[in-house]
Amino acid sequence: MWLRVSCNLTFEIETPTPFISMLRPRSGAEQWVERDEFKIVPNVPIMEFTDDYGNLCQRFVAPTGNFTISTSSDVKTSEFVDVNFDAPFVEIQHLPNDLLCYLLPSRYCESDRFNDLANAITADKPVGYKQVFAIEEWLRTTISYIPGSSDYPISATEVHSKRSGVCRDLSHLGIALCRSLSIPARMVVGYLHNLYPMDMHAWFEAYIGGRWYTFDATQTGKKGGYVAVGYGLDAADVAIFNQFGPVAHSLDQTVTVVQIKN
């Protein structure tokens with residue numbers, strides 16, 4: 001399916017403010033970007049770089065006054081996410097070097113605290129995909145997904161205690177549970193077709209059987225329509241923008257995802 005995804009952000013800037021944004025999707029194994037636009041008003045110099053996780057990031061200084069960032073991309077992605085219940089666990093000694101970081105505890109995913117819970121959830125499951133599938137199902141039935149209920153990231157331990165959260169929070173707990181079983185897991189932020197209410201979305205991926213698979217406890221079934229924008233250890237790595245200095249007041253954030261052809 002072909003999707004047109006867009007995000008428009010408007011800020012009130014009180015003093016010239018440095019920004020780093022992460023709003024441009026890149027082509028990869030699961031998606032192909034045919035058209036991509038990135039506009040800022042008023043126009044200022046921009047420098048783009050690729051971060052440690054391969055994300056496209058933009059640096060600029062927003063001037064005083066109203067400031068708008070507008071992005072739009074046409075992306076081909078799958079109507080359904082891939083499922084492979086036979087995908088095996090990859091032994092640590094056979095993992096690529098650049099994936100080892102996804103095994104370790106991180107700021108919002110304290111995987112060293114979830115070994116007992118992860119083993120209990122997956123007790124009767126063969127190692128590999130079925131373990132992560134069991135974790136996803138446990139999250140879906142145990143942690144309430146409440147869009148808009150949190151304005152800032154909370155950690156996996158907090159989500160487990162609170163028993164509710166936004167998409168980002170459920171992903172943090174899913175990642176922590178996977179890593180506690182020595183399954184590499186990472187956070188993904190981007191767009192999802194037919195998400196309600198529409199907003200930027202977060203899910204997680206687990207590395208099994210020699211590739212990454214998508215898991216999303218906020219959705220039922222295995223529908224697709226995902227467009228990834230950023231990857232990282234947790235939410236600290238995948239903010240769609242970071243600003244530095246006095247707070248830039250957000251006046252508007254509008255996200256749209258429209259199917260343009262099959």
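- L170 is connected to Y152 through a chain of hydrophobic side-chain contacts under 4.5 Å among Ile, Leu, Val, Met, Phe, Trp and Tyr, so both are in one cluster.
- Within 6.0 Å of CZ in R26 there are more than 12 heavy atoms belonging to other residues, nucleotides or ligands.
- A donor-acceptor pair is defined here as one N or O able to donate and one able to accept, closer than 3.5 Å; no such pair exists between the side chain of R168 and the backbone of D234.
- Put simply, the side chain of R163 never gets that close to the backbone of S144: no donor and acceptor are under 3.5 Å apart.
- With sequence neighbours left out, W212 forms a ring pair (Phe, Tyr, Trp, His ring centres under 6.0 Å) with Y102, Y207.
- Remark: the backbone N or O of T157 is paired with a side-chain donor or acceptor of E110 at under 3.5 angstrom.
- When the options Y145, Y213, F215, Y226 are evaluated for a ring pair (Phe, Tyr, Trp, His ring centres under 6.0 Å) with W203, the one that passes is Y226.
- A donor-acceptor distance shorter than 3.5 angstrom exists from the side chain of Q31 to the backbone of A228, with no hydrogens or angles considered.
- Under a 4.5 Å side-chain heavy-atom cut-off, the cluster of Ile, Leu, Val, Met, Phe, Trp and Tyr residues that includes W2 is completed by W32, I260.
- Counting only distance, with no hydrogens or angles, the side chain of T142 and the backbone of L139 share no donor-acceptor pair below 3.5 Å.
- For the pair H172 (side chain) and I154 (backbone), a donor-acceptor distance under 3.5 Å is present.
- With hydrogens and angles disregarded, a donor-acceptor distance shorter than 3.5 Å links the side chain of T17 to the backbone of T15.
- The aromatic rings of F19 and F67 are tilted relative to each other, their planes meeting at an angle between 30° and 60°.
- Judged as a side-chain hydrogen bond (donor to acceptor under 3.5 Å, both in side chains), the pairs with a partner in residues 117-129 (not counting sequence neighbours) are, in order, N115-N119.
- Identified under the salt bridge (charged side-chain N to carboxylate O under 4.0 Å, His left out) test for residues 80-89, with sequence neighbours left out: D82-R211.
- Under the 3.5 Å distance criterion, the side-chain polar atoms of T68 are left unmatched by any main-chain donor or acceptor of T10.
- Heavy atoms from other residues, nucleotides or ligands lying under 6.0 Å from NZ of K222 number more than 12.
- Under the side chain to side chain contact (heavy atoms under 4.5 Å, CB included) criterion, A118 pairs with L177, S180, L181, not counting sequence neighbours.
- The number of heavy atoms from other shown groups lying within 6.0 Å of CZ (F244) is above 12.
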| message | Evaluate D252 against T254 for side-chain hydrogen bond (donor to acceptor under 3.5 Å, both in side chains), listing each step before the verdict. | response | CA-CA 6 Å; D252 179 64; T254 303; 3.0 Å; yes
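- Rounded to the nearest 0.5 Å, atoms CG (L233) and SG (C101) are 5.0 Å apart.
- Using a 4.5 Å cut-off between side-chain heavy atoms of Ile, Leu, Val, Met, Phe, Trp and Tyr, Y108 forms no hydrophobic cluster with any other residue.
- Using modelled atom types, no side-chain atom of D36 and backbone atom of S73 make a donor-acceptor pair closer than 3.5 Å.
- Atom CG in L192 sits 7.0 Å away from atom CE in M198 (nearest 0.5 Å).
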